[in-house]
Colleague: 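What follows is a single structure, and I will ask about it in a moment.
Please read all numbers here as calculations on a predicted model, not as lab measurements.
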Amino acid sequence: MPGIDLASLYGSKWPEPAQNLARYHAKHFGCRMVRNGFPVPQSLRDFLDGADDMPDAHMAIISTDAIHRSYGNGLSISPDFVQTDRESTRFVSCVMAAYIGSIGIRYEWRENGMHEGYSQFFHFPYPLINYFRTESDMAIGKTRKAGWFARLLQWANSPNAT
């Protein structure tokens with residue numbers, strides 16, 4: 001499938017439940033950071049306290065082939081992928097994911113903010129699924145092309161399709 005229809009799932013008032021879903025996952029990621037001794041970004045704390053966005057973080061809906069094969073219907077979490085500065089004195093980025101079956105949420109934080117073009121899944125009524133082959137690809141953000149059926153559905157549901 002090409003995406004998740006949050007408007008169909010939550011109804012016409014989808015933005016608030018979508019933000020609550022994102023906050024649920026943000027809390028999970030923040031707890032993982034605390035458990036592993038990583039500093040929790042202020043933007044994540046502010047998001048949990050009601051901010052609409054996190055300018056230095058990105059949350060996306062994902063599916064990872066390796067997780068699908070290994071955990072199909074179960075719950076799983078990715079390893080924590082962190083990067084430090086050259087002197088190893090502070091964290092400069094963090095990537096992690098949590099899955100229910102084959103669908104998950106990927107959280108990425110960067111000290112210097114996200115590049116332009118990143119958008120949060122919870123800002124859209126029909127966010128696309130980002131597909132990855134492996135957890136390593138997920139960690140570095142190397143997506144793969146969606147399957148032919150998902151691409152067909154994306155095309156059929158695009159505003160330009162006639």
Colleague: For the atom pair CG (Asp49) and CG (Leu44), what is the distance rounded to the nearest 0.5 Å?
Modeller: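 The CG atom of Asp49 sits 10.0 Å away from the CG atom of Leu44.
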Colleague: Are any of the side-chain heavy atoms of Gln19 and Asp52 separated by less than 4.5 Å?
Modeller: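 Yes, side chains in contact.
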Colleague: Verify, without hydrogens or angle tests, whether Gln120 (side chain) and Ala57 (backbone) share a donor-acceptor contact under 3.5 angstrom.
Modeller: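 Checked: pair present.
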Colleague: Count the heavy atoms belonging to other residues, nucleotides or ligands that lie under 6.0 Å from CG of Asn73, then report whether that count exceeds 12.
Modeller: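 Open: at most 12 neighbouring heavy atoms sit under 6.0 Å from CG of Asn73.
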Colleague: Taking the side chain as every heavy atom from C-beta outward, state whether Tyr24 and Ile105 have any pair of such atoms under 4.5 Å apart.
Modeller: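 No, their side chains stay 4.5 Å or more apart.
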Colleague: What distance separates Ile62 CD1 from Ile67 CD1, expressed to the nearest 0.5 Å?
Modeller: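 These two atoms lie 8.0 Å from each other.
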Colleague: Quick check: closest heavy atoms across Pro17 and Lys13, and the distance to 0.1 Å?
Modeller: CD-O, 2.9 Å
Colleague: So which heavy atom on Ala98 is nearest to which on Ile77, and how close?
Modeller: CB-CG2, 4.1 Å
Colleague: Might you point out which heavy atoms bring Val82 and Cys94 nearest each other, and give the distance in Å?
Modeller: CG1-SG, 4.0 Å
Colleague: Would you please name every residue forming a ring pair (Phe, Tyr, Trp, His ring centres under 6.0 Å) with Phe122, sequence neighbours left out?
Modeller: Phe47
Colleague: Assess whether side-chain contact (heavy atoms from CB on, under 4.5 Å) is satisfied between Tyr126 and Asp5, documenting all intermediate values.
Modeller: CA-CA 5 Å; Tyr126 195 84; Asp5 190 349; 3.5 Å; yes
Colleague: Give a yes or no on whether Ile103 and Trp14 share a hydrophobic cluster (residues Ile, Leu, Val, Met, Phe, Trp, Tyr; joining criterion: side-chain heavy atoms under 4.5 Å apart).
Modeller: yes
Colleague: Can you find a pair of side-chain heavy atoms, one from Met59 and one from Arg106, that are under 4.5 Å apart?
Modeller: no
Colleague: Quick check on ring pair (Phe, Tyr, Trp, His ring centres under 6.0 Å): which of Phe81, Tyr107, Trp109 does Phe29 satisfy it with?
Modeller: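 That would be Tyr107.
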Colleague: Verify the cluster assignment for Val95 and Met114: are they in a single hydrophobic cluster under the rule of side-chain heavy atoms below 4.5 Å apart?
Modeller: no
Colleague: How about Arg32 and Arg35: do any of their side-chain heavy atoms sit closer than 4.5 Å?
Modeller: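 Side-chain contact under 4.5 Å: yes.
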Colleague: How long is the gap from CG on Asp65 to CE on Met138, to the nearest 0.5 Å?
Modeller: 12.5 Å
Colleague: Starting at CD of Gln83, measure out to CZ of Arg90 and round the result to the nearest 0.5 Å.
Modeller: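 Answer for the CD-CZ pair, Gln83 versus Arg90, is 11.0 Å.
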Colleague: Is Ile100 atom CD1 crowded by more than 12 heavy atoms from other residues, nucleotides or ligands, each under 6.0 Å away?
Modeller: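 For Ile100, atom CD1 is not crowded (no more than 12 foreign heavy atoms under 6.0 Å).
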Colleague: His123 versus Asp53: any side-chain heavy-atom pair under 4.5 Å?
Modeller: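 Sidechains of Asp53 and His123: in contact.
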Colleague: Hey, are the side chains of Pro41 and Met54 touching, using non-hydrogen atoms and a 4.5 Å cut-off?
Modeller: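 Sidechains of Met54 and Pro41: no contact.
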Colleague: Would you say that Met96 contacts His28 through its side chain, given a criterion of any heavy-atom pair below 4.5 Å between the two side chains?
Modeller: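 No, side chains not in contact.
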Colleague: Is the count of non-hydrogen atoms from other residues, nucleotides or ligands lying under 6.0 Å from Glu87 atom CD greater than 12?
Modeller: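 Count over threshold, so yes.
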Colleague: Could you check whether any side-chain heavy atom of Asn130 comes within less than 4.5 Å of a side-chain heavy atom of Ile61, counting everything from C-beta outward?
Modeller: no
Colleague: Taking Ser102's backbone N and O only, do any of them form a donor-acceptor pair with Ser63's side chain (distance below 3.5 Å, no angle check)?
Modeller: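 Yes, the answer is positive, given that a donor and an acceptor are paired below the 3.5 Å cut-off.
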Colleague: If Ile, Leu, Val, Met, Phe, Trp and Tyr residues are connected whenever their side-chain heavy atoms lie under 4.5 Å apart, and connections chain through other members, are Leu9 and Phe124 in the same group?
Modeller: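 Leu9 and Phe124: separate clusters.
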Colleague: So which atom in Val40 and which in Gly30 form the shortest heavy-atom distance, rounded to 0.1 Å?
Modeller: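 Smallest heavy-atom distance, with atoms named: CG2-O, 3.8 Å.
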Colleague: Restricting to pairs with a member in residues 132-142, which pass side chain to side chain donor-acceptor pair (under 3.5 Å), not counting sequence neighbours?
Modeller: Tyr99-Glu135
Colleague: If two hydrophobic side chains count as joined below 4.5 Å and joins carry through other members, does Leu48 share a cluster with Phe121?
Modeller: yes
